[in-house]
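Note that this is a predicted model, so its numbers are computed, not measured.
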Amino acid sequence: MSDGVHEGAVTGKPDPVLKVDGLRKAFGGLQVTDDVDLEVERGSITGLIGPNGAGKSTFFNLVSGFYDLDDGTVTVNDTDVTGREPHEVADAGLVRTFQTPRKLEGMTVREAMLVGPQHQTGESIRALFTNRSQVLAEERSNLERAMETLERFEIADFADTPATELSGGQMKLVELARATMTEPDILLLDEPVAGVNPTLANKLKGFIRELNDDGITFLVIEHDMGFIMDLADPIVVLDQGSVLVEGEPEAVRTDDRVIDAYLGGPLDE
């Protein structure tokens, strides 16, 4: 590493909650992810940036189990989740949000929140009859936690609102709140402030920092350079499906290789 920037990804970190080795994915003849190595240190807020088409969202889809990979391995909390289904990856501790939040049809915000908790006894039809007291106790506990979470994110007033009636910014808050209900070790956020006004963006930044203080590790894709450079450290830059550099925010922002990757222009503040 020189001047705060390392060519390629920094590997060999002391306690990576997410470790990716040799990740490759092609669609037809287009190599979208090309031999990516990447480690996210536990307790960090790591930024993932790069020009359009760099492979950032594809990378998220691969490590979270939504796409099948062509080659490579994905490890979460020392558990090999390569090729696992999304719910199995979530069980290992990794959860992701989407660039465009998914509005759950026919659900209120409160009901959408209750989809989050993992391994609910009531998911078993048999348990509804044989262990009803435990099912009811879990439901009460989850409902209480859902409302506490909505209050924390300052959206409790929307608890009875159909999820389909929320604005894009409100859905960003709900999706972040719902993701925390799964109690993840690492949360992947795909453009959390895309289309969001500056006031709400600052609020989201504050919530992410609070959750990080609570012990959640973050890997964040974001095109808003001012937002991600202020929030994350380190910053990883993807370009043409590979890790170009990793380093400290200011050093990455002014690195000639990064500027060239963004079509020769300076990164927006």
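A salt bridge is defined here as a Lys NZ or Arg NE, NH1 or NH2 lying under 4.0 Å from an Asp or Glu carboxylate O, and D224 with K205 fails to meet this definition. Using a 4.0 Å cut-off between charged nitrogen and carboxylate oxygen, R42 and D15 count as a salt-bridge pair.
Of all heavy-atom pairs spanning V243 and A9, the tightest one is CG1-N, 3.4 Å. Here the shortest heavy-atom pairing between A92 and D185 reads O-OD2, 4.1 Å. Shortest non-hydrogen contact noted between P192 and F227 is CG-CE2, 4.3 Å.
For D157, the CG atom is loosely surrounded, since the number of other residues' heavy atoms within 6.0 Å does not exceed 12. In the displayed structure, N197 atom CG is contacted under 6.0 Å by more than 12 heavy atoms of other residues, nucleotides or ligands. Counting heavy atoms of neighbouring residues, nucleotides and ligands inside a 6.0 Å radius, atom CG of D256 does not exceed 12 of them.
Judged by distance alone, with hydrogens and angles left aside, the side-chain atoms of E85 form no donor-acceptor pair with the main-chain N or O of H87 at under 3.5 Å. Side chain of D239 to main chain of L244: no donor-acceptor pair is present (N/O by atom type, distance under 3.5 Å, no hydrogens or angles). Put simply, the side chain of E39 gets close to the backbone of K13: a donor and an acceptor are under 3.5 Å apart. With hydrogens and angles disregarded, no donor-acceptor distance shorter than 3.5 Å links the side chain of E7 to the backbone of V245. A donor-acceptor pair under 3.5 Å is absent between the side-chain atoms of E191 and the main chain of V193, judged by distance alone. Checking side-chain atoms of K25 against main-chain N and O of D68 turns up a donor-acceptor pair under 3.5 Å. With hydrogens and angles disregarded, a donor-acceptor distance shorter than 3.5 Å links the side chain of E111 to the backbone of T108. A donor-acceptor distance shorter than 3.5 angstrom exists from the side chain of E246 to the backbone of V10, with no hydrogens or angles considered. One N or O on the side chain of H6 and one on the backbone of G8 form a donor-acceptor pair closer than 3.5 Å. In terms of modelled atom types and a separation under 3.5 Å, the side chain of S64 and the main chain of P86 share no donor-acceptor contact.
Taking the six-membered ring wherever Trp is involved, the centroid distance between the rings of F60 and Y67 does not fall below 6.0 Å. In this structure, F98 has its ring center under 6.0 Å from that of F66.
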Give the intermediate values and the outcome of side chain to side chain contact (heavy atoms under 4.5 Å, CB included) for residues D190 and S57. CA-CA 7 Å; D190 194 348; S57 290; 3.0 Å; yes
Run the salt bridge (charged side-chain N to carboxylate O under 4.0 Å, His left out) test on E148 and R145 for me, step by step, so that the C-alpha distance in whole Å, both residues' side-chain angles and the decisive distance to 0.1 Å come before the verdict. CA-CA 5 Å; E148 288 174 352; R145 191 156 64 91; over 6 Å; no
Working for side chain to side chain contact (heavy atoms under 4.5 Å, CB included), residues I49 and L238: CA-CA 6 Å; I49 70 171; L238 274 185; over 6 Å; no
For the pair I155 and Q170, evaluate side chain to side chain contact (heavy atoms under 4.5 Å, CB included) and give the outcome as yes or no after the intermediate values. CA-CA 8 Å; I155 47 178; Q170 291 164 346; 5.7 Å; no
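You'll find the side chain of R253 stays beyond 4.5 Å of the side chain of M225, heavy atoms only. Between F59 and V32, every side-chain heavy-atom pair lies at or beyond the 4.5 Å cut-off. Inter-residue side-chain proximity for L176 and L187 is flagged as met; some heavy-atom pair is nearer than 4.5 Å. Residues F153 and T180 form a side-chain contact, since some pair of their non-hydrogen atoms from C-beta on lies under 4.5 Å apart. Residues M113 and T149 are in side-chain contact: their nearest non-hydrogen atoms beyond the backbone lie under 4.5 Å apart. Residues F207 and E154 have side chains in contact (heavy-atom distance under 4.5 Å, counting atoms from C-beta outward). Within the 4.5 Å cutoff, side-chain heavy atoms of R24 are placed close to those of Q31. Side-chain contact between V20 and T73 is absent, with no heavy atoms from C-beta onward closer than 4.5 Å.
Checked options D80, V81, T82; the residue passing with R84 is V81 (criterion: side-chain contact (heavy atoms from CB on, under 4.5 Å)).
Here the CG atom belonging to L188 is positioned 8.0 Å from the OG1 atom belonging to T97, to the nearest 0.5 angstrom. T75 OG1 to D21 CG: the interatomic distance, rounded to the nearest 0.5 Å, is 6.5 Å. Taking CG of L23 as the reference point, atom CG of D71 lies at 8.5 Å (rounded to 0.5 Å). To the nearest 0.5 Å, atom OG1 of residue T46 and atom CG of residue L38 are 7.5 Å apart.
Side-chain atoms of T79 and N77 include no donor-acceptor pair closer than 3.5 Å. Defined by atom type and a distance below 3.5 Å, a donor-acceptor pair is missing between the side-chain atoms of N212 and T217.
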